[in-house]
Amino acid sequence: MNPSVSHCIRHLRQLQPLALGEALLALTMVSGCAAPAAEPPPATPAIRGLEPGESVPAWLAQQLREWAAGRVSRVPTAVWRFERDGQTVYYIPEPCCDRFNRLYAASGEMVCAPSGGFLGLGDGRCPGALPPAGQMTLLWRHPMVQVRK
């Protein structure tokens with residue numbers, strides 16, 4: 001038996017015969033000790049640069065924490081979210097020079113590179129162009145980079 005429950009039962013046995021109102025009050029007072037308070041879940045560590053009120057999949061949250069901690073040599077400038085063919089995707093542009101700007105599915109799988117590379121045309125596997133900036137949501141920006149919304 002739960003120690004806190006047995007503790008409550010001992011207190012109930014010690015009560016003298018009481019009037020109905022007093023008995024209900026006594027039961028209300030000891031009923032709180034019948035179930036130990038659950039510990040609150042640990043808070044999710046804040047992600048530096050994540051826009052207020054936004055959330056991201058676990059794979060992307062881990063990547064953002066690594067970028068913010070400086071654990072990788074090349075950190076993208078931003079992370080954008082938009083819908084493509086009814087699916088949420090994440091566009092992650094590189095900071096500079098001849099690197100592909102990748103598009104990821106919500107699962108974390110790379111879909112294609114719609115832009116970047118030596119010619120700036122991407123990897124040729126993306127159907128269609130990126131939507132206008134007004135149709136994408138900025139989720140994260142590198143703390144040292146100015147990104148236009």
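Hydrogens, waters and symmetry mates are skipped; everything else that's a heavy atom, side chains included, is used. When a residue number appears, it is its place in the shown sequence, counting from 1.
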Exercise. Mind checking what makes side chain to side chain contact (heavy atoms under 4.5 Å, CB included) contact with Glu83, not counting sequence neighbours?
Worked result: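 For Glu83, the residues satisfying side chain to side chain contact (heavy atoms under 4.5 Å, CB included) (neighbours in sequence not counted) are Thr88.
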For this session: Please name all residues satisfying side chain to side chain donor-acceptor pair (under 3.5 Å) with Arg84, sequence neighbours left out, ordered by chain then number.
Result: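 Expected list: none.
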For this session: Examine Val111 and Phe82 and state if one hydrophobic cluster contains both, with Ile, Leu, Val, Met, Phe, Trp and Tyr joined whenever side-chain heavy atoms are less than 4.5 Å apart.
Result: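 Result: no, two separate clusters.
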For this session: To the nearest 0.5 angstrom, please state how far the CD1 atom of Ile92 sits from the CD atom of Gln63.
Result: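 Ile92 atom CD1 to Gln63 atom CD measures 7.0 Å (nearest 0.5 Å).
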Exercise. Going from CD on Glu51 to CG on Leu139, what distance comes out if it is rounded to the nearest 0.5 angstrom?
Worked result: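 One finds 8.0 Å between CD of Glu51 and CG of Leu139.
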Exercise. Quick one: hydrophobic cluster around Leu121, which other residues, with the 4.5 Å side-chain cut-off, linked directly or via members?
Worked result: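 Other cluster members: Leu119.
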Problem set entry | Test log, rule side-chain contact (heavy atoms from CB on, under 4.5 Å), inputs Thr137 and Trp80 | CA-CA 5 Å; Thr137 301; Trp80 298 85; 5.9 Å; no
If you look only at distance, which donor and acceptor atoms sit under 3.5 Å apart when one is on a side chain in residues 123-136 and the other is two or more places apart or in another chain?
| from | atom 1 | to | atom 2 | distance (Å) |
| --- | --- | --- | --- | --- |
| Asp123 | OD1 | Ala113 | N | 3.2 |
| Asp123 | OD1 | Arg125 | N | 2.9 |
| Asp123 | OD2 | Ala113 | N | 3.1 |
| Asp123 | OD2 | Arg125 | NE | 2.9 |
| Asp123 | OD2 | Arg125 | NH2 | 3.2 |

For this session: Sorted by first residue and then second, give each ring-ring contact (aromatic ring centres under 6.0 Å, His included) pair with at least one member in residues 112-136; sequence neighbours left out.
Result: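 For residues 112-136, and leaving out neighbouring residues, there are no ring-ring contact (aromatic ring centres under 6.0 Å, His included) pairs at all.
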Problem set entry | Chi angles and distances behind the side-chain contact (heavy atoms from CB on, under 4.5 Å) call for Leu103, Tyr90 | CA-CA 6 Å; Leu103 189 67; Tyr90 298 89; over 6 Å; no
For this session: Could you label the plane-to-plane angle of the Trp67 and Trp140 rings as parallel, tilted or perpendicular, counting under 30° as parallel and over 60° as perpendicular?
Result: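 Ring orientation of Trp67 relative to Trp140: tilted.
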Problem set entry | Pro93 to Ala78 - nearest heavy-atom pair and separation |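 Residues Pro93 and Ala78, closest heavy atoms: CD-O, 3.3 Å.
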For this session: Mind running side-chain contact (heavy atoms from CB on, under 4.5 Å) on Val79 and Val56 for me, showing each step along the way?
Result: CA-CA 10 Å; Val79 175; Val56 294; 5.8 Å; no
For this session: Sequence neighbours left out, what pairs pass side chain to side chain donor-acceptor pair (under 3.5 Å) with at least one residue falling in residues 98-120?
Result: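 Residue pairs passing side chain to side chain donor-acceptor pair (under 3.5 Å), neighbours aside: Tyr91-Ser115, Asn101-Ser115.
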